[in-house]
There are 4 protein chains.
Amino acid sequence: MLATGSREGKGTDKKSARTRLRILDAAAKVLSTKGYAGMRLSDVAAEADLQAPAIYYYFSSRDDLVEEVMWVGLADMRAFLTTALADTPADATPMDRILVAVEAHLRHELEISDYATAAIRNSGLVPEQIEERHRAEEKKYGAIWRDLVKAAAEAGEIRDDLDPYLAQMLVMGTINWAAEWWKPQRATIDRVVANAQSYVRHALAPVDR
Amino acid sequence: MLATGSREGKGTDKKSARTRLRILDAAAKVLSTKGYAGMRLSDVAAEADLQAPAIYYYFSSRDDLVEEVMWVGLADMRAFLTTALADTPADATPMDRILVAVEAHLRHELEISDYATAAIRNSGLVPEQIEERHRAEEKKYGAIWRDLVKAAAEAGEIRDDLDPYLAQMLVMGTINWAAEWWKPQRATIDRVVANAQSYVRHALAPVDR
Amino acid sequence: MLATGSREGKGTDKKSARTRLRILDAAAKVLSTKGYAGMRLSDVAAEADLQAPAIYYYFSSRDDLVEEVMWVGLADMRAFLTTALADTPADATPMDRILVAVEAHLRHELEISDYATAAIRNSGLVPEQIEERHRAEEKKYGAIWRDLVKAAAEAGEIRDDLDPYLAQMLVMGTINWAAEWWKPQRATIDRVVANAQSYVRHALAPVDR
Amino acid sequence: MLATGSREGKGTDKKSARTRLRILDAAAKVLSTKGYAGMRLSDVAAEADLQAPAIYYYFSSRDDLVEEVMWVGLADMRAFLTTALADTPADATPMDRILVAVEAHLRHELEISDYATAAIRNSGLVPEQIEERHRAEEKKYGAIWRDLVKAAAEAGEIRDDLDPYLAQMLVMGTINWAAEWWKPQRATIDRVVANAQSYVRHALAPVDR
DNA sequence: AATGAATGAGGATTCATTCAT
DNA sequence: CATGAATGAATCCTCATTCAT
């Protein structure tokens, strides 16, 4: 659905690039639904409306395709988050920035969900080789959050009884898990975002007195 | 590690029952690591220290085994939670009970992790047939939480700006996600529990005034 | 490297004919190295410095290409041998003529080796259809040798204890096998020729008395 | 048809060992006919009268199977040759021993032909990995011949104008090539052996005077 | 109660071949 | 004349499952 710019040689051009993207989208969808081991190339091909061997014209192996989906999932997420934070007014407090991040993460996860869900859900299910490179990208994303939490802690916007690392992980759980339960019928994304922001703010903030 | 009683015929006996449990434990372990589609019977067999065909003496199919692991995962969790709540002093507030539930869930998830993680992680990855029966069991577990949240909301212990359903889901995310990141080296379970309880209490509670 | 005239329409012209030859040369090389079943059109294309589908402009199928290589291999060999024998002085003995043939065969095999090796090595490995037409060509080549041996036998230049047919086959082995072991580093072609001639002459000739 | 003793664990016992051997025999047959790249596991399976996947119960991969066939081909040949030479009377001359070797090689090649032909024909057609290990075994076999030729040369039983290395190669060609042309209809093995021995003796021996 | 042996149904991947450009 | 894109027919290999013992 959205892939950060163009990657690799073969076809930044027209038809070719679109086919490649169609395959990537299809893979993201299947991957987020069936998981790494459950993704069959024939499913991906059907979803992309072509024959399975055609995939090999664009990706050298199944794992190559998976890796790119997961990479795109995280990279797009990071790009989205980075942009959102860059757009934050200069006078925003560290906690404001955390809430901006919560919104960005949720909106991306629930709207572009295929890539993001694929990346999130298959985190521990892929073979070592993919895992490693994925882990590296994951670290970069986590680093942004760590900095956000750290800044808030130093500004006294996080309660003393919370360990910054654990706090960060609990927040990630709060928002990552949404991919598992959220369905459009249950609540609008706007409502989910509003609730999650309130939930997270109070979860972290010192008690007003 | 712990399976709530034995269902079905075959083995309430001694050796037989123990082998069956060994297989179940092995399956839980593999299932929580590799996911539904990635679990091979030969892996399970190796982990249980026997040959793959032997599994068929105790389970009629791969899916049957998976289903039982996931069922045990949830059933044990529910039993554990129910017991914990039953042991709560009569004068405990609804919020106190929620925090007891947070602790029970986390301890079970992180200590007995294999069954619980298997059940949690594979929630959306199993085939319809299993999914359906699992969903039914999941509902029962969710109902306990729904009642806890509802009671707290009616007692005015949950902020007005939170939708009870969404609040419940956010809490589940907070604690379910721990299975993905927690490792003994990073923090003791006691610390995780304490942090999560504080996090959840403040996430839900009305602002002190 | 050398193809006896151009058969078929397509390209007696310049560039076209050259490309066709480049493909044929490439196929000969790959065929002599990897064998019939191991020859991939993409290998041939790479060797000829073009894309695989381009081959179809010059040859109607993979087998067609193979067949032509093998045919050229034998046809060139026969042409070379025929020329060499025609150049033999009128007073040459039948044995002299055999030794001329040994030299011609060896030089051609080891110098133009690709086509010859391809033809020799894949003799029994190609599908029936090709095999049959190849066998016919092979017979013509074998006929020359049969006549050479026969003439020598009738002139009393071959020992009585040798069966002419078997003798011919043993000679063919002596010289055909060189394609398998000969490498420029080990010995010059001149030395191989000299040794082979001596070897064959004595192998066949009646004992001096 | 004949494999030197028992190799590896799985089954030196009854049925299992026999099935394994049936597969090996089948592979040798197909390999000698179609060549490395042309050998399909389904062909082997059909020849061995079982389903293709069953092969994986005995061999871990196609290449593994090929390698064992080729190894057996050479190893059996060497064992056969060694035995034949050991049985040679003490007063045999070096040339006598060469002729014994010629007979042993030919008989083995033409009678057990599948393994031997497979090993001989596919010498240059297999992938590097197999080639390397095969080459090692081939060296051992070649060493026996080198010693035979060397001994004959030192005893003055080989003409001075022949290079020992080239002479050895020419002999190998004489006898190896028989696998390509010999068919029971054309001549008995006894006749082939007799002709080849006479051919080789005179090819190498100094001229009587 | 458990295993060795074997099978059948897939699933990834390769490759000759086609076709529009 | 040649290529990029795509396809269909294999082919290797894996894995759940069966069955005789």
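Predicted model only: the values in this text are computed from it and were never measured. Here is the naming used below: chain letters follow the sequence lines, and residue numbers restart at 1 for every chain.
Both A/Q51 and B/S42 lie near DNA chain F, and the one whose nearest nucleotide falls closer to the 5' end is A/Q51.
In this structure, the nucleotide among E/dA6, F/dA6, F/dT3 sitting nearest to the side chain of A/Y58 is F/dA6. The nucleotide whose nearest atom lies closest to any side-chain atom of B/R62 is, among F/dA6, F/dA16, E/dA12, F/dA16. For C/A52, the listed nucleotide lying nearest its side chain is E/dT17; candidates were E/dG8, E/dT17, F/dT17. Here the nucleotide nearest the side chain of A/Y56, chosen from E/dA2, E/dT14, E/dA1, is E/dT14. When the nucleotides E/dA9, F/dC1, E/dA5 are ranked by their closest atom to the side chain of B/P53, E/dA5 comes out on top. Ranking E/dA1, E/dC19, E/dA5 by closeness to the B/S16 side chain, first place goes to E/dA1. Closest approach to the C/L41 side chain among E/dA16, E/dA5, F/dA6 is made by E/dA16 (side chain taken as heavy atoms from C-beta onward).
Nearest approach of D/Q51 to D/A45, heavy atoms of both residues: C-CB, 3.7 Å.
The side chain of D/Y57 places no N or O atom within less than 4.0 Å of a non-bridging phosphate oxygen (OP1 or OP2) of E/dA6. Within the 4.0 Å cut-off from OP1 or OP2 of E/dA12, not a single side-chain nitrogen or oxygen of A/S61 is found.
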Fill in: Step-by-step side chain to side chain contact (heavy atoms under 4.5 Å, CB included) determination, B/Y115 to B/D25
CA-CA 8 Å; B/Y115 286 89; B/D25 286 348; 2.5 Å; yes

Item to complete: Decide yes or no on side chain to side chain contact (heavy atoms under 4.5 Å, CB included) for C/F59 and C/R20, but give the supporting numbers first.
Response: CA-CA 9 Å; C/F59 301 88; C/R20 187 186 147 85; 3.7 Å; yes

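E/dT21 and F/dA2 make up a base pair, with Watson-Crick or G-U wobble contacts both under 3.5 Å. Base-pair partner of E/dA1: not found among the strands shown (Watson-Crick or G-U wobble, both distances under 3.5 Å). The partner of F/dA9 is E/dT14, judged by Watson-Crick or G-U wobble contacts that both fall below 3.5 Å.
A donor-acceptor pair under 3.5 Å is formed between the side chain of D/N122 and the backbone N or O of D/L31.
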